[in-house]
Amino acid sequence: MSAAVVPLASCTHAFIIRPRVFPQVPPYSAVDLAVARLRKREDAGDLLRRDPELARELGVGRPDLRLGSYDDGGLLDINHVPAEYIVTVLGFDRETADRITAARESAGRFTSARELATQADLPYDLIDSVKHQLLFL
């Protein structure tokens, strides 16, 4: 009988003390996640202004080159990334991404969101909706 009581008592004790040993993390809301992403973008932008060389080493805006785990909050260097990252990071369709890369090849590089929209012949509203993620390096 005691052989069955010891495991039962141990399990009961473990369930009783579990919340004190492993406190539950509250679930994050969509707002919390969006604010965290925005902070990461701001931090990456600050890093880019303070130490551009380190930012480049960490791959800020270049998910295609990122070797480490630095999270820049979804920034994208539109002048250098391949089309597939324009699709995955910005959520554009492949045709739009191809138009951007073709315009980039003919223009050399973009200096602003407005220039990107004009050169790629895209609605400014589309580019305006993602300009907070764009870098023009």
Side-chain angles (χ1 to χ4, degrees):
M1 175 107 176
S2 68
V5 171
V6 171
L8 182 62
S10 297
C11 287
T12 303
H13 181 258
F15 281 115
I16 290 171
I17 68 164
R18 186 177 192 285
R20 283 182 266 159
V21 176
F22 302 106
Q24 286 194 345
V25 177
Y28 293 103
S29 70
V31 172
D32 294 333
L33 295 174
V35 168
R37 197 142 185 83
L38 179 61
R39 284 191 182 130
K40 288 176 183 178
R41 284 183 195 141
E42 289 172 352
D43 291 345
D46 290 344
L47 175 64
L48 191 57
R49 284 184 288 283
R50 276 191 333 270
D51 192 343
E53 188 60 34
L54 178 59
R56 283 187 182 88
E57 281 182 39
L58 293 172
V60 172
R62 295 296 306 271
D64 57 317
L65 300 180
R66 197 163 296 138
L67 303 175
S69 59
Y70 185 78
D71 185 355
D72 61 13
L75 293 175
L76 201 65
D77 178 6
I78 201 70
N79 285 318
H80 295 97
V81 295
E84 57 264 19
Y85 290 93
I86 297 170
V87 172
T88 57
V89 175
L90 299 180
F92 290 173
D93 60 39
R94 185 59 192 218
E95 179 186 339
T96 301
D98 288 340
R99 286 173 71 180
I100 291 171
T101 56
R104 179 178 71 201
E105 288 172 16
S106 67
R109 66 183 287 279
F110 306 112
T111 58
S112 68
R114 185 161 302 281
E115 183 182 25
L116 167 61
T118 303
Q119 294 291 327
D121 194 28
L122 296 169
Y124 184 71
D125 291 348
L126 177 67
I127 301 303
D128 190 50
S129 68
V130 297
K131 72 179 180 183
H132 59 279
Q133 289 180 260
L134 300 177
L135 296 175
F136 300 93
L137 304 176

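You'll find the side chain of L137 stays beyond 4.5 Å of the side chain of N79, heavy atoms only. The shortest distance between side-chain heavy atoms of F92 and I127 falls below 4.5 Å. The closest side-chain heavy-atom distance from L134 to F110 is not below 4.5 Å. Between L33 and R37, the closest side-chain pair of non-hydrogen atoms is not below 4.5 Å. Side-chain contact check for I100 versus I78: some heavy-atom pair is nearer than 4.5 Å. The closest side-chain heavy-atom distance from P82 to T101 is not below 4.5 Å.
A distance of 13.0 Å separates CD of E42 from CG of D72, quoted to the nearest 0.5 Å. Atom CZ of R62 sits about 9.0 Å away from atom CG of L76, to the nearest 0.5 Å. Taken from CG in D51 to CZ in R56, the straight-line distance is 10.0 Å, to the nearest 0.5 Å. Distance check: Y85 OH to H80 NE2 gives 15.5 Å after rounding to the nearest 0.5 Å. How far CG of L54 is from CG of L47: 5.0 Å, rounded to the nearest 0.5 Å.
Residue V81 comes nearest to G61 through the heavy atom pair CG1-O, 3.5 Å, listed as atom of the first residue, atom of the second, then distance. Scanning all heavy atoms of the two residues, the minimum distance from A120 to A103 falls at CA-CB, 3.7 Å. Across every non-hydrogen atom of F136 and A113, the tightest pair is CZ-N, 3.3 Å. Closest approach of G45 to L75, counting heavy atoms only: N-CD1, 4.4 Å.
Using a 4.0 Å cut-off between charged nitrogen and carboxylate oxygen, D43 and R39 do not count as a salt-bridge pair. Salt-bridge annotation for D128 and K131: present, with a side-chain N of the basic residue lying under 4.0 Å from a carboxylate O of the acidic one.
Judged by the 6.0 Å distance and 45° axis criteria, R114 is positioned over the aromatic ring of Y124.
Here the side chain of Q133 pairs a donor or acceptor atom with the backbone of G74 at under 3.5 angstrom.
Placement of L126 and V130 within a single hydrophobic cluster is found when ILVMFWY residues are connected by side-chain heavy-atom separations under 4.5 Å, directly or transitively.
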